[in-house]
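Comments concern the structure below.
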Amino acid sequence: QPSKLLYVMHNSEVPLSCMALFEGGPCLTADTNFDVLMVKLKSHFQNAKGHKVECRGSRYRYCDFLIKVGTVTMSSSARGISAEVWPEFDIRDCWNLMREFIQSFLGNNVPELPTVFAAKPEGLFAPADCVDTMTQYLELFNKLRKLQIPGSNVR
């Protein structure tokens with residue numbers, strides 16, 4: 001079988017959980033001790049050294065929105081800035097309101113509805129969960145991983 005990448009991710013919003021996302025495949029939510037299990041399975045999974053990506057920042061609440069702004073770092077060097085906005089409602093029902101709110105501080109750089117929400121079944125209420133968030137962070141991290149920083153020797 002061709003090898004697939006497995007990304008182990010943590011989120012401060014759910015500190016007792018750990019998410020494992022297979023590249024283009026299923027997602028698993030597990031206990032924080034999942035990292036220990038992965039060490040025991042090192043004969044089946046190879047750890048990619050030096051690929052730790054982290055996003056740290058501040059969390060704010062403004063009316064019906066949760067806003068998190070953070071710095072994305074790779075190997076202790078800053079790679080970008082993350083702006084996360086969550087409504088208290090189903091994101092698909094209030095996307096236009098969210099666009100307007102995000103536009104107030106990002107200008108015309110407002111993204112389209114994230115694909116993770118566009119792919120959910122229409123008509124069924126499926127609240128956003130931590131796996132949705134981690135899937136979006138994984139997309140962001142992969143984009144930033146591919147960027148070349150001017151003046152750097154990263155190849």
Side-chain angles (χ1 to χ4, degrees), residues 1-15 17-32 34-60 65-87 91-92 94-96 98-121 126-155:
Q1 287 186 1
S3 61
K4 279 182 139 183
L5 296 176
L6 171 68
Y7 299 94
V8 179
M9 303 178 77
H10 298 270
N11 185 338
S12 60
E13 294 291 322
V14 283
S17 295
C18 175
M19 275 58 65
L21 288 84
F22 277 97
E23 180 181 38
C27 303
L28 166 76
T29 303
D31 189 275
T32 52
F34 184 76
D35 292 337
V36 176
L37 176 64
M38 291 304 294
V39 170
K40 292 183 186 280
L41 294 173
K42 64 183 172 188
S43 62
H44 300 290
F45 294 97
Q46 182 179 2
N47 191 10
K49 298 287 183 196
H51 287 288
K52 181 179 178 182
V53 182
E54 190 172 44
C55 184
R56 288 187 180 265
S58 300
R59 180 182 196 262
Y60 306 96
F65 297 101
L66 174 67
I67 302 119
K68 292 167 70 176
V69 179
T71 304
V72 180
T73 58
M74 281 181 64
S75 306
S76 73
S77 69
R79 297 289 289 195
I81 297 173
S82 166
E84 180 181 345
V85 179
W86 284 99
I91 194 168
R92 293 173 298 178
C94 63
W95 179 246
N96 289 332
M98 276 192 60
R99 279 183 68 94
E100 189 176 320
F101 175 67
I102 295 169
Q103 197 168 23
S104 71
F105 59 90
L106 282 183
N108 291 329
N109 296 320
V110 179
E112 292 300 317
L113 179 67
T115 55
V116 71
F117 298 111
K120 291 196 182 239
D129 62 9
C130 194
V131 173
D132 295 335
T133 304
M134 293 292 90
T135 302
Q136 292 178 77
Y137 268 109
L138 184 57
E139 288 176 15
L140 172 67
F141 294 163
N142 283 333
K143 285 179 186 175
L144 291 176
R145 191 177 279 129
K146 293 174 186 173
L147 283 178
Q148 292 290 329
I149 298 176
S152 71
N153 292 331
V154 179
R155 299 192 196 281

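Between Thr32 and Cys18, the shortest heavy-atom contact is CA-CB, 4.2 Å. Taking each heavy atom of Ser82 and Val72 in turn, the nearest pair found is CB-CG2, 4.0 Å. Taking every heavy atom of both residues into account, Met38 and Val8 meet most closely at CG-CG2, 4.4 Å. Here the closest non-hydrogen pair linking Phe65 and Pro87 is CD2-CA, 4.0 Å. Nearest approach of Phe141 to Met9, heavy atoms of both residues: CE1-CE, 4.1 Å. Listed here is the closest heavy atom pair of Ala78 and Thr73: CA-CG2, 4.0 Å.
Between Asp35 atom CG and Lys40 atom NZ the span is 13.0 Å, to the nearest 0.5 Å. Considering CH2 of Trp95 and CD1 of Ile102, their distance stands at 5.0 Å, rounded to 0.5 Å. Note: Leu140 CG to Thr135 OG1 = 12.5 Å, rounded to the nearest 0.5 Å. To the nearest 0.5 Å, atoms CG (Leu6) and CG (Leu21) are separated by 8.0 Å. Considering CD of Gln103 and CG of Asn108, their distance stands at 5.0 Å, rounded to 0.5 Å.
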- Message: For Asn11 and Tyr137: C-alpha separation, side-chain torsions, deciding distance, then whether side-chain contact (heavy atoms from CB on, under 4.5 Å) applies.
- Response: CA-CA 10 Å; Asn11 185 338; Tyr137 268 109; 5.5 Å; no
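Counting only N and O atoms by type, the side chains of Asn96 and Arg99 include no donor and acceptor under 3.5 Å apart.
In Leu5, the CG atom is crowded: over 12 heavy atoms of neighbouring residues, nucleotides or ligands sit closer than 6.0 Å.
Using a 4.5 Å heavy-atom threshold, the side chains of Glu13 and Lys68 count as touching. Side-chain atoms of Thr133 and Trp86, non-hydrogen and from C-beta on, do get closer than 4.5 Å to each other. Contact of the Tyr7 side chain with the Met19 side chain is not registered, since no non-hydrogen atoms from C-beta on lie closer than 4.5 Å.
In this pair, Phe101 and Phe105 present their aromatic rings perpendicular. The plane angle is above 60°, beyond the 30 to 60° band.
A salt bridge does not link Arg79 to Glu54: none of the charged side-chain nitrogens sits closer than 4.0 Å to a carboxylate oxygen.
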